[in-house]
Amino acid sequence: RLLAWANRAYTYRTVLTTDDILETRKVGMTGVSKSKANIVPAKDLKVYLPADADSDRGLTYNITFENGELTAPLTAGEVIGFVTVSYDGRIVGKTNLTVTEDFAQNGFLVGLMGFRGYLTSRPFLITLILFGLMLLVYLRLTTGPGGRYRIRNVKRRRINYVKRKY
């Protein structure tokens, strides 16, 4: 009798299919080409719910991405995160998330990001600071009192131009 009641009271329901687009999100490092990805479940998700439950009202979906943001290159079917499905505050299912299309990486943007990484690196910043200090010392030694070069106060001469008559 208990099994008969359980079969009547609870049923499996498909709450997510691979055709359901859960979110459309921007993909970084793609340049001017297509840059929005449709995020879908990797496989259909069936959960065990009460038979009288309204599946749309009590279900909540929590999407979590592995890297926080999407960056190219991405291939269709590649796992990028997961979605957890909760019913009345309890987790009842979980499945992986994928993208529906391939996204190529823009070579120029990759080079630009590499250069940005170089400009913010510790060796570059130390070199920049040392160069600034050496420049200050050089200017102090060459233009200061007793230095090799002196800046002279030269009065500007006023030159009057006279128009010639022809």
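Side chains are part of it too, since the values below use all heavy atoms of this structure and drop only hydrogens, waters and symmetry mates.
- The closest side-chain heavy-atom distance from Leu45 to Thr14 is not below 4.5 Å.
- In terms of modelled atom types and a separation under 3.5 Å, the side chain of Asp44 and the main chain of Thr18 share a donor-acceptor contact.
- Across every non-hydrogen atom of Glu101 and Lys36, the tightest pair is OE2-O, 4.3 Å.
- Distance check: Tyr48 OH to Tyr10 OH gives 8.0 Å after rounding to the nearest 0.5 Å.
- A distance of 12.5 Å separates CG in Leu97 from CD in Glu78, rounded to the nearest 0.5 Å.
- For Leu22, the CG atom sits in a packed shell: over 12 heavy atoms of surrounding residues, nucleotides or ligands are nearer than 6.0 Å.
- With values rounded to the nearest 0.5 angstrom, Thr100 atom OG1 is found 9.0 Å from Ile39 atom CD1.
- Note: the hydrophobic cluster containing Ile63 also contains Ile80 (ILVMFWY, side chain heavy atoms under 4.5 Å, direct or indirect links).
- Using modelled atom types, one finds a donor on one side chain and an acceptor on the other under 3.5 Å when comparing Thr24 with Asn38.
- Distance CG/Leu70 to CD/Glu23: 8.5 Å, rounded to 0.5 Å.
- Residue Thr95 holds its OG1 atom at 5.5 Å from NZ of Lys43, rounded to the nearest 0.5 Å.
- Counting only heavy atoms from C-beta outward, the side chains of Ile91 and Val85 never approach each other to under 4.5 Å.
- One distance of note links CZ of Arg13 with NZ of Lys46; it measures 13.0 Å at 0.5 Å rounding.
- Residues Ala42 and Thr98 share a closest heavy-atom pair of CB-CG2, 3.7 Å.
- If you chain together hydrophobic residues whose side chains sit under 4.5 Å apart, Val83 and Leu59 fall into the same group.
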All N/O donor-acceptor pairs, side-chain side in residues 121-137, below 3.5 Å, sequence neighbours left out:
unit_1	atom_1	unit_2	atom_2	d
Ser121	OG	Tyr118	O	2.8
Thr127	OG1	Pro123	O	2.8

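- Side-chain heavy atoms closer than 4.5 Å link hydrophobic residues (I, L, V, M, F, W, Y) into clusters, and following such links, even through other members, never connects Val40 to Phe65.
- Considering all non-hydrogen atoms of both residues, Val15 and Asp20 come closest at O-OD2, 4.0 Å.
- Taking the ring axis of Phe82 as reference, the NZ or CZ atom of Lys94 stays within 45° of it and closer than 6.0 Å to the ring centre.
- A side-chain donor-acceptor contact under 3.5 Å links Thr84 to the backbone of Asn62.
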